[in-house]
Amino acid sequence: MIDFKKKTAELLNDVIEDLQFDEIMETIEVPKNTEMGDYAFPCFKLASIFKKSPQMIASSLVESIDSDKNFESIKAVGPYINFTIEKSILSKLIIEEVLDEEDQYGSSDLGKGKNVVVEYSSVNIAKPFHMGHIRSTMIGYSLYKIYSFLGYNTIGINHLGDYGTQFGKLIVAYKKWGDKEAIEANPIPELLKIYVKFHEEAEKDPTLDDEARAWFTKLENGDEEAVRLWTLFRKVSLKEFEGVYDLLGVEFDSYAGESFYSDMIPGLLEEMREKGVMTNEEGAELVNLEPYDMPNALITKSDGSSLYITRDLTAAKYRKEEYDFYKNIYVVGSQQNLHFKQWIKIIELMGYEWAKDCIHVPFGMVGLEEGSLSTRNGRVVFLEDVLNKAIETTKDIIEEKNPDLDNKEEVAKQVGVGSVVFQELSNNRIKDYTFSWEHTLSFEGETGPYVQYSHARACSVLRNAEVTLEDVDYSLLNNKASFDLIREISKFGEVIKRAAEKYEPSLVTRYITHLAQLFNRFYHETPILVDDEELKKARVAVVKAYKHVVKNGLSLIAIEAPEKM
RNA sequence: GGGGCUAUAGCUCAGCUGGAUAGAGCGACAGAUUCCUAAUCUGUAGGCCACAGGUUCAAAUCCUGUUAGCCCUACCA
């Protein structure tokens, strides 16, 4: 594939003596409006060197640039020099590349031989899977897919919240008010019920909190009863979560949660004491982070038990040893920014250079119109309910618009779940958002179904096409709609790399949304299955290329692409 | 008190390392279906880019301050 930007820079380099090639490459930009061309060179910087107006520089430079077969036109427009690539050359290159690579188009071997750990979802056991949990789950899983597509060996970890004082609370609550049969029949709601009751009672009787802490300490020390109950809670919870993960199509390579690192904590503490990074204060141990403008980090409580941060430190060290990661990514809410800054600094203080490879990828909060999501106050929207409702709504629409469709159930699931996931991955992850049923169940405009529908339409055209794509004459593609689409297709690979660099799946979501808009425009104003065989071939080739790209894009944000809907 | 994030159209949001008239979708209004799926497309209206300074040939974008909202700030996670 020809690098047209480089070609542009070479042409400019021949006529500009005062700038280095690299400087020219950096200055070249892509015009906002595609009608202006494919690349533009602003002449402002040269103005101070030549002591002439940028407009004059642009027009005089253009005259001395040699014409080149790759460019349709090179024009001075005000202070810019605009380069427009020869359309038939670009069309042929792009489309043939897509048709050749198909589901690998846009992929890369950038990450060959490098391991990337991605921690995502990380739900708390014994608590319901609510709407807020979709964020880490989908952002993380999408990053997992994006990094894999770029050739990295990726390891997805569900760092289950299966340890800590909350389990002491649950044990106390269970022993006081629990009902084994009810919990086995209906685990999460029952566990939640007694957990909520615990908090109500603890308000009146604070000694319950002490009791809970004591039970967690017993759990950490391997007390038989504590371990038996904890195992039960974990088992029944996991079983229920699996249903949601199945629905979302999300997978993990490891379910090593917080408890997994329990045995390794003493070793870590010993190491920290030896390295002298901790100080002892009234029985509790902490790391002084004041020199780094952070609050001190408490590592062990005065009763000797561990905290969240202790387990994250242990897990990071374990992952380095086990996976020798190139990057160790944590998809966790922005409330924990300080927590991550603290422990990554501690890793650094312990002398591990790989501290810099530990990356916290934060995201904003999900709220409800009535206020913030709160399990204890009953302000909860269960994720499974949202998914099921979206599937139901999709079924209704199918019955209305396409009642003869085969496997309606499967398609309804793909489209319904896809719409929820798509919405989740649409905005910059750092933004907070308010959940709304109306917004989630709307399937028009910039939505998952919109993009999926464009894919289904492309598939439909291809089914009816009856052509073989040999010796396609790409110069026949001369309308703006087709060229805008082809040009956008060519950007796919860069978008994925950028999404990986920025840890931002929404870049992929927005890209395919825009691509679908361009396809729909093209589809509408360009008859594809025309009598002229040559013209038909060229246009079908565009449709086929689009189909592959949009499908690859959807796959990277973990959304299915049904062929009919 | 200290720190972090956010602020762009009535609503939900894009706007890349500063560059050519600030873009989408929803909602509103006006249109398009003898033709490949109307979950679609076309058009119109709608903006002191929170506010005030600064840097620059050039600022929604960078810097400083102010305001508002959310989050964090040692024995929860």
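Lettering of chains follows the sequences in order, A, B, ..., and the numbering in each one begins at 1.
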Results of ring pair (Phe, Tyr, Trp, His ring centres under 6.0 Å) for A:His455 - residues two or more places apart only: none

Under 4.0 Å: is that the gap between some side-chain N or O of A:Asn428 and OP1 or OP2 of B:G15? yes

Could I get the full list of ring pair (Phe, Tyr, Trp, His ring centres under 6.0 Å) partners for A:Phe216, not counting sequence neighbours? A:Tyr163

Could you tabulate the donor-acceptor pairs under 3.5 Å formed by side-chain atoms of residues 20-30 of chain A, not counting sequence neighbours?
{"residue": "A:Glu23", "atom": "OE1", "partner": "A:Gln20", "partner atom": "N", "Å": "2.8"}
{"residue": "A:Thr27", "atom": "OG1", "partner": "A:Glu23", "partner atom": "O", "Å": "2.7"}

For a quick check of understanding: with a heavy-atom distance under 4.0 Å over all strands, which category does A:Tyr450 fall into, base, sugar-phosphate or nothing? sugar-phosphate

Which is true for A:Arg463 with a 4.0 Å heavy-atom rule: it touches a base, it touches only sugar-phosphate, or it touches nothing? nothing

Could you give the side-chain donor-acceptor pairs of residues 492-500 of chain A under 3.5 Å, partners two or more places apart or in another chain?
none

Could you measure between the two P atoms, the one in B:G54 and the one in B:A59, and give it in whole Å? 12 Å

Listed nucleotide nearest any side-chain atom of A:Gln517, set B:C36, B:G25, B:A20: B:G25

Under 4.0 Å between a Lys/Arg side-chain N and an Asp/Glu carboxylate O for A:Lys197 and A:Glu200? no

So, taking the atom named OH in A:Tyr120 and the one named CD1 in A:Ile157, what distance separates them when rounded to the nearest 0.5 Å? 9.5 Å

For A:Phe443 and A:Met36, take the nucleotide of RNA chain B holding the closest heavy atom to each; which residue's nucleotide lies nearer the 5' end? A:Met36

Keeping the roles fixed (side chain from A:Asp432, backbone from A:Gly364), state whether a donor-acceptor pair exists under 3.5 Å. no

Are A:Ile125 and A:Phe167 side-chain neighbours, meaning at least one heavy-atom pair lies under 4.5 Å? yes

So, using side chain to side chain contact (heavy atoms under 4.5 Å, CB included) as the criterion, who are the partners of A:Leu338 when residues are at least two apart? A:Met294, A:Pro295, A:Gln342

Decide, yes or no, whether a salt bridge links A:Lys413 with A:Glu410 under the criterion of side-chain N to carboxylate O below 4.0 Å. no

Return no unless some side-chain N or O of A:Arg510 is found under 4.0 Å from OP1 or OP2 of B:G15. yes

Pull out every protein N or O sitting under 3.5 Å from an N or O of nucleotides 26-29 of chain B, one pair per line with the distance.
none

In this structure, how many angstroms lie between the P atom of B:U42 and the NZ atom of A:Lys480, rounded? 11 Å

OP1 or OP2 of B:C41 sitting under 4.0 Å from any side-chain N/O of A:Asn520? yes

Round to a whole Å and report the spacing from CD of A:Glu424 to P of B:C13. 12 Å

Extract all donor-acceptor atom pairs below 3.5 Å that involve side chains of residues 395-405 of chain A and protein atoms in other chains or at least two apart in sequence.
{"residue": "A:Lys395", "atom": "NZ", "partner": "A:Glu409", "partner atom": "OE1", "Å": "3.3"}
{"residue": "A:Glu399", "atom": "OE2", "partner": "A:Lys408", "partner atom": "NZ", "Å": "3.1"}
{"residue": "A:Asn402", "atom": "ND2", "partner": "A:Met565", "partner atom": "O", "Å": "2.8"}

Write down the distance between CZ (A:Phe50) and C1' (B:C57), rounded to a whole number of angstrom. 16 Å

Are the side chain of A:Ser262 and the backbone of A:Glu258 linked by a donor-acceptor contact shorter than 3.5 Å? no

Along RNA chain B (nearest heavy atom to each residue), the more 5'-positioned of A:Lys341 and A:His439: A:Lys341

Scan A:Pro31 against the nucleic acid and name what it touches under 4.0 Å (heavy atoms): base, sugar-phosphate only, or nothing. base

Please enumerate all protein N or O atoms sitting under 3.5 Å from an N or O of nucleotides 8-11 of chain B, with distances to 0.1 Å.
none

Which is true for A:Thr27 with a 4.0 Å heavy-atom rule: it touches a base, it touches only sugar-phosphate, or it touches nothing? nothing

So what does A:Leu529 touch, heavy atoms closer than 4.0 Å: a base, only the sugar-phosphate, or nothing? base

Return the value, rounded to whole Å, for the distance between atom CD of A:Gln423 and atom P of B:A24. 22 Å

Between A:Tyr433 (OH) and B:C13 (C1'), how many Å, whole number? 14 Å

Between C1' of B:A14 and CD of A:Glu504, the distance in whole Å: 11 Å

Find the distance A:Glu525:CD to B:G43:P and express it as a whole number of Å. 10 Å

How is A:Ala465 classified with respect to the nucleic acid when contacts are heavy atoms under 4.0 Å: base, sugar-phosphate, or nothing? nothing

Once pairs are restricted to Watson-Crick or G-U wobble with both distances under 3.5 Å, how does RNA chain B read as a dot-bracket string, [ ] for crossings and | for other-strand pairs? (((((((..((((.....[...)))).(((((.......))))).....(((((..]....))))))))))))....

Residues which pass ring pair (Phe, Tyr, Trp, His ring centres under 6.0 Å) with A:Tyr433, listed by chain and number, not counting sequence neighbours: none

Once you round it to whole Å, what is the distance between C1' of B:A14 and CG of A:Leu507? 10 Å

Do A:Lys169's NZ or CZ and the ring of A:Phe198 fall within the cation-pi criteria of under 6.0 Å and 45°? no

Mind checking A:Met294 for me? I need base, sugar-phosphate or nothing, with any heavy atom below 4.0 Å counting as a touch. nothing

OP1, OP2 of B:A38 versus side-chain N and O of A:Arg457: anything below 4.0 Å? yes

Contact class for A:Asn82 vs. all strands (heavy atom < 4.0 Å): base, sugar-phosphate, or nothing? base

Restricting to nitrogen or oxygen on both sides, can you table the protein-nucleotides 68-77 of chain B pairs closer than 3.5 Å?
{"residue": "B:A74", "atom": "N1", "partner": "A:Asn296", "partner atom": "ND2", "Å": "3.0"}
{"residue": "B:C75", "atom": "O2", "partner": "A:Ser302", "partner atom": "N", "Å": "2.9"}
{"residue": "B:C75", "atom": "O2", "partner": "A:Ser302", "partner atom": "OG", "Å": "3.4"}
{"residue": "B:C75", "atom": "N3", "partner": "A:Ser302", "partner atom": "OG", "Å": "3.3"}
{"residue": "B:C76", "atom": "OP1", "partner": "A:Arg213", "partner atom": "NH1", "Å": "3.0"}
{"residue": "B:C76", "atom": "OP2", "partner": "A:Lys301", "partner atom": "NZ", "Å": "3.2"}
{"residue": "B:A77", "atom": "OP1", "partner": "A:Thr165", "partner atom": "N", "Å": "3.3"}
{"residue": "B:A77", "atom": "OP1", "partner": "A:Arg311", "partner atom": "NH2", "Å": "3.0"}
{"residue": "B:A77", "atom": "OP2", "partner": "A:Tyr308", "partner atom": "N", "Å": "3.2"}
{"residue": "B:A77", "atom": "O3'", "partner": "A:Glu258", "partner atom": "OE1", "Å": "3.4"}
{"residue": "B:A77", "atom": "O3'", "partner": "A:Glu258", "partner atom": "OE2", "Å": "2.6"}

Rounded distance in Å between the C1' positions of B:A74 and B:A60: 40 Å

Applying ring pair (Phe, Tyr, Trp, His ring centres under 6.0 Å), can you list everything that pairs with A:Tyr450, at least two apart in sequence or on another chain? none

A:Asn337 side chain near B:C5 phosphate (N/O to OP1/OP2, under 4.0 Å): no

At under 4.0 Å between heavy atoms, what does A:Val30 touch on the DNA or RNA strands: base, sugar-phosphate, or nothing? nothing

Sub-6.0 Å ring centroid separation between A:Tyr330 and A:Phe340: yes

